[in-house]
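So the structure is just underneath, and the comments pick up after that.
So you know, we letter chains A, B, ... as the sequences are listed, proteins then strands, and number each from 1. Quick note: numbers below take in every heavy atom, side chains included, and nothing from hydrogens, waters or symmetry partners.
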2 protein chains.
Amino acid sequence: MNETTLCPRFEKGMQILSKRWTGLIVNQLLNGPQRFCNIESAFPISGRILSERLKDLEFEGIVKRDVYPETPVRIEYSLTEKGKALAPVMVEIQNWAQEWLAPIQNQ
Amino acid sequence: MNETTLCPRFEKGMQILSKRWTGLIVNQLLNGPQRFCNIESAFPISGRILSERLKDLEFEGIVKRDVYPETPVRIEYSLTEKGKALAPVMVEIQNWAQEWLAPIQNQ
DNA sequence: ACATGAGCTTACTTTAAGTAACATGCCAAA
DNA sequence: TTTGGCATGTTACTTAAAGTAAGCTCATGT
């Protein structure tokens, strides 16, 4: 249980990606800007955690939050360049899942 | 908070990868077979959770566990084909981290 | 008989996630 | 002018997951 000797950037990246829901949220936003309720209904995440995750991702510079003061207010979340750069990661996960995870049950 | 309409394989993959430590463990095993204490000392994971994760990964068919009845017993963990197939995912995360995560502090 | 090393396991504490109800700000209908 | 509804959260509380530390097992070595 000592400190790591790994590339700290990789570890940091992993730390971000390995929080529950983060990957799915990023993947969802790769489809284009979306609002809170839209993301919320894309998978069974609670509003509380979605709010927290979006804040985290915004803090990391991965997600951008735009407020449109319409009525009712519209808030759109989208990926920054840093966020969009995660696309290849998502693609590889998708490829792997497609090839190695059976649709009915996992082997 | 309803059921998803996403590709369930992708979700399943994400679910595996987004458990804390899983990615780092897989990445570590990409360097070749390793024993428990070796993985344990590669990053600050507790033995309790490492044990749990290795069991999960074995169950998922990603990790293989080989017992060598020497003295003291040696147990080697290695990646199956399914596990090795995660290499491109790791590479992409590494690429992203390299390009977008500053070494000193994250932007 | 006691100690050692690897690989867990059990009991307990702390942190993260889930649930549900409520706050806010604005407008529209009753 | 009170009521209600929509969108985006937030607060208070409960459950699940992760962390910590101590102990167990097996075989051997002193």
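One atom, CZ of R48(B), and another, C1' of dG7(C), lie 15 Å apart when rounded to the nearest Å. Here dA18(D) presents its P atom at 13 Å from CG of L50(B), a figure rounded to the nearest Å. Atom CD of E70(B) is separated from atom P of dC26(D) by 18 Å (rounded to the nearest Å). Nucleotide dG7(C) holds its C1' atom 11 Å from the CG atom of L54(B), rounded to whole Å. I45(A) has its CD1 atom 14 Å from the C1' atom of dT8(D), to the nearest Å. Distance CD (E40(A)) to P (dA7(D)): 11 Å, rounded to an integer number of Å. Rounded to whole Å, atom P of dT15(C) lies 16 Å from atom CD1 of I49(A). Going from atom CZ of F43(B) over to atom C1' of dA18(D) covers 15 Å, rounded to whole Å.
In this structure, P72(A) and R53(A) both approach DNA chain C, and ranking their closest nucleotides by distance from the 5' end singles out R53(A).
Classified by interplanar angle (parallel below 30°, tilted 30° to 60°, perpendicular above 60°), the ring pair F43(A)/W21(A) is parallel.
Residue R65(A) places at least one side-chain N or O under 4.0 Å from the OP1 or OP2 atom of dG9(D). Under 4.0 angstrom from either OP1 or OP2 of dG7(C) there lies no side-chain N or O belonging to S51(B). OP1 or OP2 of dA18(D) has not a single side-chain nitrogen or oxygen of K19(A) nearer than 4.0 Å. Checking the phosphate oxygens (OP1, OP2) of dG18(C), a side-chain nitrogen or oxygen of W21(A) falls inside 4.0 Å.
With sequence neighbours excluded, no residue forms a side-chain hydrogen bond (donor to acceptor under 3.5 Å, both in side chains) with E58(A).
R20(B) comes within 4.0 angstrom of the backbone, heavy atoms only, and of no base.
Residues Q34(A) and E76(A) bring no donor and acceptor atom of their side chains to less than 3.5 Å of each other.
Listed nucleotides: dT9(C), dA7(D), dG9(D). Nearest to the side chain of R35(A): dA7(D).
Ion pairing of R9(A) with E99(B) is absent here, as no side-chain N (NZ or NE/NH1/NH2) approaches a carboxylate O to less than 4.0 Å. Checked for salt-bridge contact, K55(A) and E60(A) miss the test: no charged N lies under 4.0 Å from a carboxylate O.
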